[in-house]
Protein chains: 2
Amino acid sequence: MALAVKGQKLPGGNLLGVSDDLRALPLRERKKLRTRRTLAETALRLFTERGYDATTLDDLCDAVEVSKRTFFRNYRSKEDVALASDSDLWSTYLDHVAALKLDGPLLAVLRTALDTTLGAMDPDWDRRFLATRELSDGVPALQAHSLGYCHDTTGAIVRTVTERSGADVDGVRLRLTVEIFVAAWHTASLHWTAQGGRGGRDGLTKLVEETFAKIPDALTCSA
Amino acid sequence: MALAVKGQKLPGGNLLGVSDDLRALPLRERKKLRTRRTLAETALRLFTERGYDATTLDDLCDAVEVSKRTFFRNYRSKEDVALASDSDLWSTYLDHVAALKLDGPLLAVLRTALDTTLGAMDPDWDRRFLATRELSDGVPALQAHSLGYCHDTTGAIVRTVTERSGADVDGVRLRLTVEIFVAAWHTASLHWTAQGGRGGRDGLTKLVEETFAKIPDALTCSA
DNA sequence: GGGGACAGTGCCACTGAGTGGCATTAGCTG
DNA sequence: CAGCTAATGCCACTCAGTGGCACTGTCCCC
């Protein structure tokens, strides 16, 4: 993985999500972009159809007609290409957090940033993300890798916020806040996936909202 | 990984942590146990001394004088043997949760179970756990794998609690509670590791307590 | 106490992920 | 058109992880 949130530092952060009117790029770049995207799309399809373990990278490379070497110039690992939609989400999210004014309760700010991030994703992102989640459910290696993304993002958020609001904040409390944010996100996205992605990103946004609303109750409720 | 919390279903759950007066076992079992423990100890030492990536399983097997095949009969993967102390912790924790009466606020119950679990670990566990955490810091694959353990444990707790308190609980709220518990644990253990494991398990227990106390504040604090 | 039964082990060959090196191609630039 | 360079393809390699089979040290029962 190696702190994959910032992703492979290829041209620019989020290469799949952004709906490209990128006809305006040098041909070489365009080609590379297309290869990268085709790899992710084909991978998701093959993994879903035939199973993750049953699909080798050679299979994928055959299907896309690139060499394995080229695959690894585009993605760090087999897990990485399967989790492209995760990477898209978190890299976009980080951008949003970095460009935000930090007033009011931090937890609310983080949630707001998530709302706008979800709204800003590529139209096709919902579908890809759902497929990715369903795939990850059955593949521990993907689960773990995906959690790794979240964890890296958590660290990055803490760093960003610390830089921007001075060193006078309680580091532990800050970390705790961000971890709780991630906890709520996990809960919400799990719920959304269990419902088969009902309502697309709007449904997901709604579940996020509801989940955050339940936090106070969750702290005090009995079993 | 494959839901490694319950670990390899070898003889019995936690094989390293429990302080053995296990001279009372059949010889065969004892031998196997010793091999298993030696593997974990040697692995942790080699990984720390030479680096995780720089140490191959062949190196480890040479040092312990077993075949690679035998290694894989004891541990699922290279990550698994490095994270033996994590596995010990969570499998013990699950036992404690399963044997607990569920009265009062769930979050407090989970925290109490953590206290008693930490107290019940092998005398050597502190050192191993700290070494494991420091190792994981520099190795993304271990980070991810470790998060996977937590995640599996989260699921197991939710299942256990659901079974024992009837189906009338709000599944999402329950999940959220457990996720928040894990969030606090992550924060506390990170802090403990950053302090070089100061105070051993008692220090860790204290940090856990302090971190939980900060939760209400973390929900409302501003950046 | 001797002799099967069998769990646990060693050995060997194999697959598949991931890397390094070098020659080749294809897009950019003057 | 010619030269430059980024991107690719190809080949050989390491290492994690698996399957199969022969072997051996324990256990257990007579």
Tell me: [atom1] of [X] to [atom2] of [N], nearest whole Å?
X	N	atom1	atom2	value
B/Asp53	D/dA16	CG	P	9 Å
A/Phe72	C/dG20	CZ	C1'	13 Å
B/Arg30	C/dG8	CZ	C1'	16 Å
B/His145	D/dA16	NE2	P	14 Å
B/Arg34	D/dG25	CZ	C1'	14 Å
A/Arg76	C/dG18	CZ	P	12 Å
B/Leu39	C/dG10	CG	P	10 Å
A/Glu79	D/dA16	CD	P	15 Å

**Asked** How does protein contact run along nucleotides 5-11 of chain D, one letter per nucleotide 5' to 3', with B for base contact, S for sugar-phosphate only, - for none, heavy atoms under 4.0 Å?
**Response** -BSBBB-
**Fill in**
Sorted by chain and number, sequence neighbours left out, side-chain hydrogen bond (donor to acceptor under 3.5 Å, both in side chains) with A/Arg69 holds for none
**Set of residues satisfying side-chain hydrogen bond (donor to acceptor under 3.5 Å, both in side chains) with respect to B/Arg127, sequence neighbours excluded** = B/Asp124
**Item:** B/Phe129 and B/Trp185 aromatic ring geometry - parallel, tilted or perpendicular at 30°/60° bounds
**Value:** tilted
**Message:** Does the Lys NZ or Arg CZ of B/Arg111 fall within the cation-pi geometry relative to B/Phe181 - under 6.0 Å from the ring centre and within 45° of the axis?
**Reply:** no
**Message:** Is the terminal nitrogen or CZ of B/Lys78 (NZ for Lys, CZ for Arg) located under 6.0 angstrom from the six-membered ring centre of B/Tyr52 and within 45° of that ring's axis?
**Reply:** yes
**Fill in**
Tested for salt bridge (Lys or Arg N to Asp or Glu O under 4.0 Å) against A/Asp59, the lone hit among A/Arg50, A/Arg45, A/Lys68 is A/Arg50
